[in-house]
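See structure below.
In what follows, every heavy atom counts, from backbone to side chain, and hydrogens, waters and symmetry copies are set aside.
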Amino acid sequence: MSSDDQTWVPESCTLPTVQRPLRLAEFDDLFTTALRGQHRLSPTHLRWRLDPTAETTARDLTDRESSCCSFFSFTITGDTDALRLDVRVPATHVDVLDALAQRATARMTS
C-alpha cells in the first residue's frame with residue numbers, strides 16, 4: 001500500500017479528506033522513530049511496543065485519531081522499558097487494522 005492509497009479509510013472517518021495524508025504521515029513517523037515491536041493478538045486487536053520516550057506523541061496522536069474514527073480503542077500502558085499501545089477495532093473494521101499493521105511493519109525500526 002502506498003501512502004497515497006487511502007481506499008481502506010472507512011466512510012465513518014470524520015477527518016477531512018485533505019488532512020488524511022497528514023495523519024498517515026504522523027503514524028508513519030511514530031512507526032519509524034518509536035515502534036519496537038508489533039504483535040497481532042486477534043483479528044481485532046493489535047499491540048505495538050514503542051520507545052517510552054514517544055508517550056506524549058502516542059497519546060496525542062491516538063486521542064486525535066479516536067476523535068475522528070470513534071471505532072478505534074487505544075490503550076496505552078507504560079513502564080521504563082517500553083510503552084505498550086493496544087489498538088482494538090470492531091470486526092467490521094478489521095481491514096483498517098490490517099492496513100495500519102502493514103504500514104507499521106513497513107516502517108518499524110530494528
Side-chain angles (χ1 to χ4, degrees):
M1 171 185 339
S2 73
S3 61
D4 296 331
D5 183 3
Q6 296 182 43
T7 58
W8 54 272
V9 177
E11 290 181 28
S12 59
C13 179
T14 62
L15 186 67
T17 303
V18 70
Q19 292 180 13
R20 291 177 185 176
L22 301 173
R23 181 67 53 84
L24 283 173
E26 288 183 84
F27 272 103
D28 289 347
D29 185 57
L30 180 68
F31 299 148
T32 300
T33 61
L35 187 61
R36 302 295 182 251
Q38 175 173 252
H39 184 66
R40 193 67 174 257
L41 300 172
S42 76
T44 61
H45 185 183
L46 181 64
R47 178 171 289 160
W48 291 321
R49 191 172 52 82
L50 303 171
D51 184 308
T53 62
E55 183 171 1
T56 300
T57 300
R59 286 188 185 282
D60 175 61
L61 182 56
T62 57
D63 285 348
R64 288 183 290 120
E65 186 63 19
S66 293
S67 71
C68 67
C69 292
S70 60
F71 59 86
F72 275 119
S73 170
F74 296 103
T75 305
I76 297 176
T77 308
D79 60 36
T80 57
D81 294 331
L83 186 69
R84 189 176 73 210
L85 174 52
D86 286 293
V87 186
R88 291 181 177 87
V89 297
T92 55
H93 291 295
V94 167
D95 57 334
V96 177
L97 196 59
D98 292 343
L100 275 177
Q102 289 174 353
R103 291 186 82 83
T105 298
R107 288 157 181 85
M108 190 178 340
T109 59
S110 54

Within a strict 4.5 Å, meaning less than it, do heavy atoms of the [X] and [Y] side chains meet?
| X | Y | value |
| --- | --- | --- |
| Val96 | Phe72 | yes |
| Arg47 | Asp86 | yes |
| Leu35 | Leu30 | no |

Would you compute the distance between atom [atom1] of [X] and atom [atom2] of [Y] and round it to the nearest 0.5 angstrom?
| X | Y | atom1 | atom2 | answer |
| --- | --- | --- | --- | --- |
| Leu22 | Asp28 | CG | CG | 11.5 Å |
| Arg64 | Cys69 | CZ | SG | 12.5 Å |
| Gln102 | Leu97 | CD | CG | 10.5 Å |
| Leu85 | Thr75 | CG | OG1 | 8.0 Å |
| Arg107 | Asp29 | CZ | CG | 10.5 Å |

Exercise. So among Asp51, Thr57, Thr56, which one has a side-chain contact (heavy atoms from CB on, under 4.5 Å) with Thr53?
Worked result: Asp51
Search all heavy atoms of [X] against all heavy atoms of [Y] and return the closest pair with its distance.
| X | Y | answer |
| --- | --- | --- |
| Leu24 | Arg103 | CD2-NE, 3.9 Å |
| Leu50 | Ala58 | CD1-CB, 4.0 Å |
| Phe74 | Ser66 | CD1-OG, 3.2 Å |
| Ala101 | Leu46 | CB-CD2, 4.0 Å |
| Ala34 | Ala54 | CB-CB, 3.5 Å |
| Thr44 | Val94 | CG2-CG2, 3.7 Å |

Exercise. Parallel, tilted or perpendicular: which describes the rings of Phe31 and Trp48, with under 30° parallel and over 60° perpendicular?
Worked result: perpendicular
Exercise. Should Arg49 and Asp81 count as an ion pair when the cut-off is N to O under 4.0 Å?
Worked result: no
Exercise. Can Arg59 and Asp63 be counted as an ion pair, charged N to O under 4.0 angstrom?
Worked result: no
